[in-house]
Amino acid sequence: MLRMSNLFLRTLRDDPSDAEVASHRLLVRAGYIRRAAPGGFTWLPLGWIVYRNVERIVREEMDAAGFQEVHFPALLPKEPYEATNRWVEYGENLFRLQDRHGNDFLLAPTHEEMFTLLVKGLYGSYKDLPLTIYQIQTKFRDEARPRAGLLRGREFVMKDSYSFDVDDAGLQRSYDLHREVYIKTFERLGLPTVIVSAMSGAMGGSASEEFLTPLEVGEDTYVRCSSCDYAANTEAVNVPAPPTVPIDGLPAAQVVDTPNTPTIQTLVDHLNAHPELARSDHAWEAADTMKNVIVKLRYPDGSTAPLAIGVPGNREVDTKRLEAQVAPAEVEAFDEADFAANPALVKGYIGPGALGSDGSSGIRFLVDPRIVEGTRWVTGANQPGKHVIDLTYGRDFTADGVIEAAEVIAGDACPNCGEPVEIARGIEMGHIFKLGRKYAESLGLTVQDENGKQVTVTMGSYGIGVSRAVAALAETNSDESGLCWPREVAPADVHLLIAGKEGGPQRPAAEDLAAQLEAAGCRVLFDDREGVSPGVRFKDAELIGVPTIVVVGRGITDGVVEVKDRRTGDRCDVPIGDVVAHINSLS
RNA sequence: CGGGAUGUGGCGCAGCCUGGUAGCGCACCUGCUUUGGGAGCAGGGGGUCGGGAGUUCGAAUCUCCCCAUCCCGACCA
């Protein structure tokens, strides 16, 4: 039983000034967590109970699936990460440090290398596989900007599992099993999730899916089809290419004067104001133009290279989508100095003639998938104040390749069925993906097959944000008054409080009831503090968010107590002798 | 990485412009009263004023550097 008279807890009346999102605000205010470092939090007793409940559920589901738990150090040597090149590729998000001898270490952001090496050291036969092992461990990422409390810290707890199979069919089975286990785990946690196709990011590998909890404060944007079951992180959306158009008979490209057209809109207006430039089929619109955006890619080794991206003029370049495409390189702005170094680029009037391996600047030029043979565009003519119209792909220009970097807009056609898509935000709670043989190859993990031949093992990697799940649960289970936890993760089943004069019958009755509830297996948070006004007790109960609140108050003279549902606010009087049975019927 | 704001007891804030004994509310301690919706009165304890350097007889306050937190931007040709 948790007695508030001696529980290490102090609730706050005011919101902490640095807390923005609900989960952060309420977890701090209700005394669950406390900031200890930039992006790092201390768990207080109530918070630690909730955290362990979440961890327990995750562990139970892993174990039930037959996965086995191991535990690695968080502090790791550099060498395995050099073998896979991640010491460099992981970039600035990797915490690197040195010991007293000057040897390099890292604080692990994830443990692919170590799991691979562990299996390599112990197993050598196809008969040992399949195998899935996991750990629940603190991970470190030197986030550029930790924010939103527990939702995005620099230190957090993750459950990560890894599957090992001899062949692709085995990997598929391991992957599918994990997918099922995750669905069940999030259901049990009471966290709504959407499964979306994803990019595999810094881990490498191929197919991958994310489990996102829909949340406005989330940092992932995903699309969902209004009609079919397609859902994908915007980073992973593949825009379908339109059919090509026969080039015969298309109007010739012509360079036209377009003074004072610094933006796409002014350009479109200018064209429409000049009938001699009119198109035969429709009035000019932004989607008929192509804008060429120049960025600078910075590679992990520090080198940089410019990149030109051609997208339809009605769309912006989505930096996240772009970065997902060029990873591990990072995207930087192409600044004045860069323009100065590339005199072939006429700012505001950049066109394909200056771009690509065959262009005057030689800058690598990639275009949106919508730009296919026979499509014609209005775009820069590489001279101040001039654009070119009817510039046709495959006849007048070509690019070095295709890139998925244009933003996805609500209403775009679903890549699967063509119906309009919706756009929503969410936070990544889980990620499953097929690593394939990348790590096994770089680290030499092979087993002998039936024929005595060495074959490279194929792997899957699967993560759940355990500490983040606590924040996501707080985020999705709260109101103006405070938190309201799902029962299985709540710090207690019942918040029992006394509302009555000290010295009256309420305290002894509440003590008695607390003991009975506990004897019946109920987890009780008992507000037995003295000299605290009833208002404070009620406010604290609502803030703390235990699912059922039992008030021993004035009804006690009639032998009844009040049982209140924290979430709905529904309350009813229950004879004190029936409370235990009543509570048990709730869960 | 850029711009802006902020940093003063556990939490929320004032004081800074115009340098001179560090303040308020909540929380905490003592006493009395109060007890079904963040009680009242009285009396207390607690702060290297983010850090460092400088100016000055004297710095929370002025100057410089650094650090941290929050917000906005990171591209839109």
Side-chain angles (χ1 to χ4, degrees), chain A residues 8-21 24-25 28-31 34-40 42 44 92 144-149 258 261-267 286 289-296 298 307-323 330-336 338-339 345-351 354-355 378-382 384-385 387 405-407 481-482 497-504 506-507 527 529-543 549 551-556 561-562 564 569 571:
Chain A
F8 185 51
L9 168 76
R10 190 118 299 157
T11 56
L12 304 178
R13 191 178 294 215
D14 299 311
D15 286 333
S17 65
D18 60 350
E20 195 65 19
V21 302
H24 185 192
R25 224 172 50 227
V28 170
R29 203 148 86 76
R34 203 167 167 81
R35 198 191 92 97
T42 306
L44 302 181
E92 294 193 310
R145 189 173 149 194
R147 66 184 105 180
T258 53
T261 55
T263 65
I264 292 291
Q265 191 53 52
T266 53
L267 172 61
T289 70
M290 177 178 75
K291 63 183 173 196
N292 301 295
V293 178
I294 317 286
V295 297
K296 195 161 57 175
R298 179 172 296 277
L307 173 67
I309 300 147
V311 296
N314 61 330
R315 287 170 198 272
E316 308 301 346
V317 167
D318 180 328
T319 310
K320 275 195 155 179
R321 269 166 63 72
L322 175 57
E323 288 200 315
E330 290 178 359
V331 175
E332 293 180 4
F334 198 76
D335 58 28
E336 294 300 333
D338 296 313
F339 271 105
L345 300 178
V346 182
K347 210 178 169 190
Y349 299 92
I350 300 168
L355 304 172
V378 180
T379 189
N382 300 305
H387 282 83
E407 65 179 336
S481 310
L497 67 86
I498 300 170
K501 281 188 187 168
E502 212 50 63
Q506 283 86 2
R507 178 172 289 270
D527 189 349
R529 293 174 294 180
E530 291 183 24
V532 175
S533 73
V536 173
R537 295 182 201 274
F538 285 117
K539 290 288 184 195
D540 276 349
E542 277 151 17
L543 182 58
I549 299 169
V551 183
V552 181
R554 56 168 94 89
I556 198 65
V561 300
E562 184 179 296
K564 187 171 158 187
R571 53 177 83 184

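In what follows, every chain begins at residue 1, and chains take the letters A, B, ... in the order their sequences are listed. Predicted, not measured: the structure shown is a model, and the values here were computed from it. Values below: all heavy atoms of this structure, side chains included; hydrogens, waters and symmetry mates excluded.
Here rG10(B) presents its P atom at 13 Å from CZ of F8(A), a figure rounded to the nearest Å.
Residues passing the ring pair (Phe, Tyr, Trp, His ring centres under 6.0 Å) test with Y349(A) are H387(A), sequence neighbours excluded. Under the rule for a side-chain contact (heavy atoms from CB on, under 4.5 Å), the partners of E323(A) that lie at least two apart in sequence or sit in another chain are T319(A), E330(A), V331(A). Residues satisfying the salt bridge (charged side-chain N to carboxylate O under 4.0 Å, His left out) test with R35(A), not counting sequence neighbours, are none. Residues that satisfy the side-chain contact (heavy atoms from CB on, under 4.5 Å) test with L12(A), not counting sequence neighbours, are V28(A), R29(A). Taking V532(A) as the reference, R529(A), V536(A), R537(A) meet the side-chain contact (heavy atoms from CB on, under 4.5 Å) condition, with sequence neighbours excluded. With sequence neighbours excluded, the residues that form a side-chain contact (heavy atoms from CB on, under 4.5 Å) with K320(A) are E219(A), E235(A), D318(A). Applying the salt bridge (charged side-chain N to carboxylate O under 4.0 Å, His left out) rule to E562(A) yields the partners R571(A); only residues at least two apart in sequence or on another chain are considered.
The same atom, C1', is picked in rG36(B) and in rC32(B); the two are 23 Å apart, to the nearest Å. Distance noted for atom C1' between rG54(B) and rA59(B): 11 Å (whole Å). Rounded to whole Å, the separation between the P atoms of rU61(B) and rA53(B) comes to 13 Å.
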Where protein sits on nucleotides 26-33 of chain B, one letter per nucleotide: B base, S sugar-phosphate only, - none, heavy atoms under 4.0 Å: SSS-----

Close N/O contacts between protein and nucleotides 69-74 of chain B (under 3.5 Å):
| unit_1 | atom_1 | unit_2 | atom_2 | d |
| --- | --- | --- | --- | --- |
| rC71(B) | OP2 | R145(A) | NH2 | 3.3 |

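For rG38(B), the OP1/OP2 oxygens have no side-chain nitrogen or oxygen of K539(A) closer than 4.0 Å.
With hydrogens and angles left out, the side chain of K564(A) and the base of rG36(B) share no donor-acceptor pair within 3.5 Å.
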